[in-house]
Every structure is written in C-alpha cells, then in structure tokens.
Amino acid sequence: MLHGAGDNASTWHRLTTVELYAARYGCTVIMPQVNRSYYTDMEYGLDYFHYVTQELPAFCSRLFKLNNDPQHTYITGLSMGGYGALKAALTYPDRYAKAVSLSGVTDIQQRLRDPKMESGMAREMQAVFGTELLVKPEQDLYALAAKRIEEGAKLPALLCCCGTEDPFIGMNREFADHMRSTPFNFEYVEGPGTHDWFFWEEHLKTTFEFLFDDKN
C-alpha cells in the first residue's frame, strides 16, 4: 500500500482501519516509504521505483516467507501512491494480479503542467523528473498501458476510485474513459468526497472487496 506525497509509511496504519481489513482477508500489507519521489527513479535523488518494485519485494519475501504467486500479489495506493501502484502494475504486469488507485495521479504530464502547483512542489518535481519536467514513456500510464497491449502481455485488473470534489477528478474521468476502450479489466468508482482520509477510508472497503472478490 503506497502513501501519498504528504504522508509516510505509517499514515495508512494511523488514519485508516487497514489492519482490520488485513485480518479479515488474511493478507500481509506492506507499506513502504518513498518520501515525495512519485515512486520514480529520480533524476536527482534515489531510485525509489526500483526500491519498491525490486528490492523491497525480494527482501520481504525472504524475511516473511511470503507467497510470490502473482495471482496473490496486489499493489494499491492513494494520490501519488495511486500513480505508483498503477505504474508498477503496468510496468510489471506479470508480478501483480490487480492494482488499485484511490484519488490517484493518472496523468503525470497533466500534473506537471498544473499552474496551481505550489512552487515548493514544483521544485521537488524537478528533482524527480528533471529540470525540464519531461516525462519518459516508462513514467506515463497511458504509454505503459499501450505498450503492454501491444506486447500481448497478461494484463492486471485495475480499479480507480475518485471523489467528485477531488482536484484530480478530471484526469481520473479521462483515464477511465480511455481504459474502458482497451482490453484491460478496468473498473472505475466515483462518489461524493474530496482528496482526504474520509474518502480513502470509505473506499478502503471498495479496495479490499475488489482485490479479494474471487477469493471467497
């Protein structure tokens, strides 16, 4: 479960009932910390995408003796973490059966062009994506989805949820419209709410029901 830009590894545990859902569904939940890296191998910083998708799974598998079967491996996240979850699943579709984005950044290019972005965040984005804020194909969800389809890869099931008052609602609707036209098993849930923990707690239930709907 991936945190957002204003959060850390403890936030999911502190502000939601994720522990209760983990107990109900008998699953292991791993909550890494990546600061404000956008789950990306930074231009001027650390390789956080490699850490989350390569180093951390290997370490946790050894430490906790986890089941590595991709059919029992999922990735989820909110906001910045929603982008990270979708990017991981679209980059390595053979490793994840399903992925969930809550209020996620589904169009990173649109996010980087946002005129309302605070100056401090803009500088942080330059550290992640470079001073020109150029998005590489492997960082763009649309490009990744198209590449996986072209390759004929086994496609993970995807769920996106977003609140109607969320500042990212526009890009989530556009992403949903696009993904519905593809071979992906894609679901989109929209409802009252904004970019906050009340919405994310409500749709934590939606998340776990989507992940485990075929396991009961």
Side-chain angles (χ1 to χ4, degrees), residues 1-16 31-53 55-56 75-91 99-145 160-179 188 190-203:
M1 286 190 109
L2 309 184
H3 66 77
D7 306 319
N8 57 45
S10 72
T11 320
W12 274 110
H13 187 256
R14 289 187 291 108
L15 298 183
T16 74
M31 295 171 278
Q33 181 160 320
V34 303
N35 301 315
R36 296 163 75 90
S37 68
Y38 263 76
Y39 297 88
T40 294
D41 293 341
M42 301 172 65
E43 289 293 319
Y44 306 103
L46 301 178
D47 290 343
Y48 282 106
F49 189 63
H50 184 270
Y51 161 66
V52 168
T53 61
E55 297 176 22
L56 186 65
I75 188 164
T76 71
L78 64 87
S79 194
M80 176 186 80
Y83 167 73
L86 293 174
K87 184 168 70 167
L90 292 174
T91 302
V100 179
S101 166
L102 301 182
S103 310
V105 175
T106 54
D107 188 336
I108 191 61
Q109 302 205 47
Q110 185 181 137
R111 177 64 176 142
L112 294 179
R113 296 192 304 267
D114 185 355
K116 298 180 180 179
M117 185 185 298
E118 298 177 358
S119 59
M121 174 65 82
R123 288 193 297 273
E124 291 178 351
M125 290 293 208
Q126 289 180 322
V128 175
F129 295 99
T131 54
E132 300 301 318
L133 296 179
L134 298 177
V135 177
K136 301 172 184 176
E138 61 267 27
Q139 298 167 339
D140 183 278
L141 300 182
Y142 288 87
L144 285 168
C160 290
C161 303
C162 196
T164 53
E165 307 305 315
D166 194 295
F168 296 159
I169 186 63
M171 69 170 69
N172 272 268
R173 287 171 175 171
E174 291 168 4
F175 187 70
D177 287 343
H178 173 76
M179 294 301 289
Y188 178 63
E190 186 178 296
T194 185
H195 206 77
D196 64 18
W197 286 98
F198 295 103
F199 181 84
W200 300 326
E201 169 62 33
E202 178 181 352
H203 289 283

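Numbers here simply count residues along the sequence, with the first being 1. The figures that follow rest on heavy atoms only: side chains count, while hydrogens, waters and symmetry mates do not.
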Between Arg123 and Glu118, does any side-chain N to carboxylate O distance fall below 4.0 Å?
no
Could you tell me whether Lys87 and Glu138 make a salt bridge, using a distance below 4.0 angstrom between a side-chain N and a carboxylate O? no
Minimum heavy-atom separation for [X] and [Y], please, with both atom names.
X: Val105; Y: Arg111; value: CG1-CB, 3.7 Å
X: Pro137; Y: Ala143; value: O-CB, 3.6 Å
X: Pro167; Y: Thr194; value: CD-OG1, 4.4 Å
X: Cys162; Y: Ser103; value: SG-CA, 4.2 Å
X: Thr76; Y: Ala85; value: C-CB, 3.6 Å
X: Ser37; Y: Met80; value: N-SD, 4.1 Å

First locate atom [atom1] of [X], then atom [atom2] of [Y], and finally report the distance between them rounded to the nearest 0.5 Å.
X: Glu174; Y: Ile169; atom1: CD; atom2: CD1; value: 10.5 Å
X: Asp166; Y: Cys161; atom1: CG; atom2: SG; value: 11.5 Å
X: Trp200; Y: Trp12; atom1: CH2; atom2: CH2; value: 8.0 Å
X: Glu165; Y: Asp196; atom1: CD; atom2: CG; value: 11.0 Å
X: Thr16; Y: Leu102; atom1: OG1; atom2: CG; value: 10.0 Å
X: Leu134; Y: Gln109; atom1: CG; atom2: CD; value: 9.0 Å

Worked verdict on Leu15 versus Glu201 for side chain to side chain contact (heavy atoms under 4.5 Å, CB included): CA-CA 8 Å; Leu15 298 183; Glu201 169 62 33; over 6 Å; no
Using atom types as modelled and distance alone, determine if a side-chain donor or acceptor of [X] lies under 3.5 Å from a backbone N or O of [Y].
X: Gln126; Y: Thr131; answer: yes
X: Thr91; Y: Ala88; answer: no
X: Asn172; Y: Phe168; answer: yes
X: His178; Y: Arg173; answer: no
X: Glu43; Y: Gly130; answer: no
X: Asp107; Y: Met171; answer: no
X: Thr11; Y: Asn8; answer: yes

Exercise for the section: Dump the intermediate steps for side chain to side chain contact (heavy atoms under 4.5 Å, CB included) on Leu144 and Gln139, then the final yes or no. Expected result: CA-CA 8 Å; Leu144 285 168; Gln139 298 167 339; over 6 Å; no
[Y] and [X], any side-chain heavy atoms less than 4.5 Å apart:
X: Thr40; Y: Tyr48; value: no
X: Thr106; Y: Tyr83; value: no
X: Tyr38; Y: Arg36; value: no
X: Leu78; Y: Leu2; value: no
X: Asp7; Y: Trp197; value: yes
X: His13; Y: Met31; value: yes

- Query: For the residue pair Phe199 and His195, is the inter-centroid distance of their aromatic rings smaller than 6.0 Å?
  - Reply: no
Answer with yes or no after comparing the ring centroid distance for Tyr142 and Phe175 against a 6.0 Å cut-off, counting only values under it.
-> yes
message: Under 3.5 Å, is there a donor on one side chain and an acceptor on the other for His50 and Glu55?
response: yes
